[in-house]
Number of protein chains: 2
Amino acid sequence: MAIIVDKDKKRRDIAAASTALLLEKGFKNLTVTEIAKNAGIGKGTVYDYFSNKEEIVFEIIRTFIEEHHNYLLSHTDQETSTKQKVLYLFDFFLSEYKSYEKHQDVYREYVSVSLSTKSKAMLEFNSECSVFIKSILENIIDEGIQKGEIKPIGKRLVDGLIKTERGYMILAWAQGQNLKVEFKDYIDTLFELIEIKK
Amino acid sequence: MAIIVDKDKKRRDIAAASTALLLEKGFKNLTVTEIAKNAGIGKGTVYDYFSNKEEIVFEIIRTFIEEHHNYLLSHTDQETSTKQKVLYLFDFFLSEYKSYEKHQDVYREYVSVSLSTKSKAMLEFNSECSVFIKSILENIIDEGIQKGEIKPIGKRLVDGLIKTERGYMILAWAQGQNLKVEFKDYIDTLFELIEIKK
DNA sequence: TTTTAAATGACCGACAGTCGGTCATTTAAA
DNA sequence: TTTAAATGACCGACTGTCGGTCATTTAAAA
């Protein structure tokens with residue numbers, strides 16, 4: 001045997017090193033040569049860890065989702081209201097913090113790559129992410145119903161709500177507008193309809 | 001002077017000739033050389049009518065939106081219920097007809113190109129399309145409120161509903177799933193919340 | 001010294017976009 | 001009526017770029 005590297009760690013390292021570049025130049029204008037140079041490795045080495053350029057974006061988004069999940073866990077507890085939890089879940093779209101705007105840009109690149117890449121791996125990855133987010137939102141809503149904060153019909157809004165947020169993020173970019181306030185209004189309206197008034 | 005061709009018509013002709021190819025191969029795998037060959041013109045000529053490959057997709061989607069608008073106008077009248085009108089509006093996502101599945105594919109390519117192209121022209125075009133769709137949905141909802149079919153709060157769902165549909169279309173593709181039934185359920189749930197029961 | 005995982009960058013093919021030049025048609029002077 | 005000049009449509013060979021490959025090198029381990 002020769003040197004054994006932690007393949008998984010190196011994958012993440014390369015992806016991490018490329019994140020800033022991706023945000024700066026966008027996927028289309030980012031070259032693999034640059035990625036390699038930036039990560040301090042040869043171009044061929046990139047392909048020892050990723051089977052194509054697209055996969056790098058998927059690795060980056062995976063890290064972002066993990067980070068966001070941790071953020072979520074550390075910011076919610078029994079006392080937090082259902083609506084507040086939902087807002088936390090969508091925080092990385094809603095937040096005004098600069099670092100979260102980065103997340104949005106990465107997410108946009110990810111969607112763009114997803115829509116132009118048709119591969120089994122891509123489909124599986126996207127499904128995996130979706131199931132994960134859905135299960136979180138489902139838990140939040142279920143708890144809300146159990147606590148008597150919202151009506152049982154709220155459960156039927158889970159799937160759609162996730163799609164709505166995606167729609168807002170995508171159209172915000174495609175129209176060059178800031179739609180955060182609008183999305184917040186939409187959530188407010190839905191909660192007005194499903195909240196149990198005391 | 002020499003021959004003067006109807007530049008606008010020729011643009012549309014080239015776009016029309018490329019539609020089938022776009023659906024068959026997807027934007028990424030479609031070459032400008034092929035487009036030219038298929039339209040029966042030289043590659044250089046394509047660039048006399050479009051400043052880049054992306055613009056061809058925008059021209060195609062423009063035609064589709066026009067067609068869909070005409071369909072909508074011819075299918076709604078005073079007798080149609082508010083919910084039915086909403087369903088017609090989103091018909092090209094919901095319908096099971098093969099020709100409408102084409103529309104969805106074109107729309108997906110369009111979103112994909114939008115998300116990876118940052119140009120003033122693109123932003124303006126997207127805003128234009130959005131305003132158009134929004135005004136239609138706004139009219140439908142306003143009429144529904146006036147007729148006493150739905151509660152006034154329904155007006156506040158207009159913006160979000162458009163985004164939800166976009167989200168469904170995009171995630172349906174990205175996850176390789178058919179989400180039509182799910183979207184229909186979501187609409188049903190919303191209407192249950194805002195409809196005035198008799 | 002041998003074995004082999006890991007790394008590399010020269011190389012290749014594909015493709016978007018450009019550009020110098022041709023050709024068909026119109027105009028208007030002869 | 002003829003024909004030279006002008007014009008804009010049209011073309012495809014060419015260029016530069018970039019994703020991805022592979023023969024070769026490096027160096028740790030045995």
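Below, all heavy atoms of this structure are taken into account, side chains as well, without hydrogens, waters or symmetry copies. What you are looking at is a predicted structure, and each value in this text was computed from that prediction instead of being measured. Chain letters run A, B, ... following the sequence lines, proteins first, then strands; residues in each count from 1.
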### Task
Before giving the answer on side chain to side chain donor-acceptor pair (under 3.5 Å), spell out for B:Q175 and A:S127 the whole-Å C-alpha distance, their side-chain angles and the decisive distance to 0.1 Å.
CA-CA 5 Å; B:Q175 295 170 34; A:S127 280; 4.7 Å; no

### Task
Could you run through DNA chain C and flag its stems, i.e. three or more consecutive Watson-Crick or G-U pairs with both distances under 3.5 Å?
C:1-30 with D:1-30

May I have the list of side-chain donor-acceptor pairs in residues 147-157 of chain B shorter than 3.5 Å, sequence neighbours left out?
from: B:K147; atom 1: NZ; to: B:Q78; atom 2: O; distance (Å): 3.0
from: B:E149; atom 1: OE1; to: B:T82; atom 2: N; distance (Å): 3.0
from: B:E149; atom 1: OE1; to: B:T82; atom 2: OG1; distance (Å): 2.9
from: B:K151; atom 1: NZ; to: B:L193; atom 2: O; distance (Å): 3.1
from: B:K155; atom 1: NZ; to: B:D142; atom 2: OD1; distance (Å): 2.9
from: B:K155; atom 1: NZ; to: B:D142; atom 2: OD2; distance (Å): 3.4
from: B:R156; atom 1: NE; to: A:T189; atom 2: OG1; distance (Å): 3.2
from: B:R156; atom 1: NH1; to: A:E192; atom 2: OE1; distance (Å): 3.3
from: B:R156; atom 1: NH2; to: A:T189; atom 2: OG1; distance (Å): 3.1
from: B:R156; atom 1: NH2; to: A:E192; atom 2: OE2; distance (Å): 3.3

### Set of ring pair (Phe, Tyr, Trp, His ring centres under 6.0 Å) partners for A:F27, sequence neighbours left out
none

### Query
With sequence neighbours excluded, what pairs up with A:Y88 under the ring pair (Phe, Tyr, Trp, His ring centres under 6.0 Å) test?
A:H75

### Message
Quick test of your reading: applying ring-ring contact (aromatic ring centres under 6.0 Å, His included), list the pairs with at least one residue in residues 29-48 of chain B, sequence neighbours left out, ordered by first then second residue.
### Response
none

## Note on the structure
So the ring-ring contact (aromatic ring centres under 6.0 Å, His included) pairs with at least one residue in residues 133-163 of chain A (sequence neighbours excluded) are none

### Residues in contact with DNA chain D, drawn from residues 7-20 of chain B - heavy-atom cutoff 4.0 Å
B:K7, B:K10

### Query
Listed in order of residue number, which residues of residues 34-53 of chain B have a non-hydrogen atom at under 4.0 Å from DNA chain D?
B:I41, B:G42, B:K43, B:G44, B:T45, B:D48, B:Y49

Residues forming a salt bridge (Lys or Arg N to Asp or Glu O under 4.0 Å) with [X], sequence neighbours excluded:
X: B:E128; answer: none
X: A:D91; answer: none
X: A:E67; answer: none
X: B:D105; answer: B:R108

Nearest-Å distance for atom pair [atom1]/[atom2], residues [X] and [N]:
X: A:N29; N: D:dG16; atom1: CG; atom2: C1'; answer: 15 Å
X: A:D6; N: C:dA6; atom1: CG; atom2: P; answer: 11 Å
X: A:K25; N: D:dT17; atom1: NZ; atom2: P; answer: 12 Å
X: A:E54; N: D:dG20; atom1: CD; atom2: C1'; answer: 11 Å
X: B:K28; N: C:dA14; atom1: NZ; atom2: P; answer: 16 Å

### Query
Is the charged tip of B:K163 near the ring of A:Y186: under 6.0 Å from the six-membered ring centre and within 45° of its axis?
no

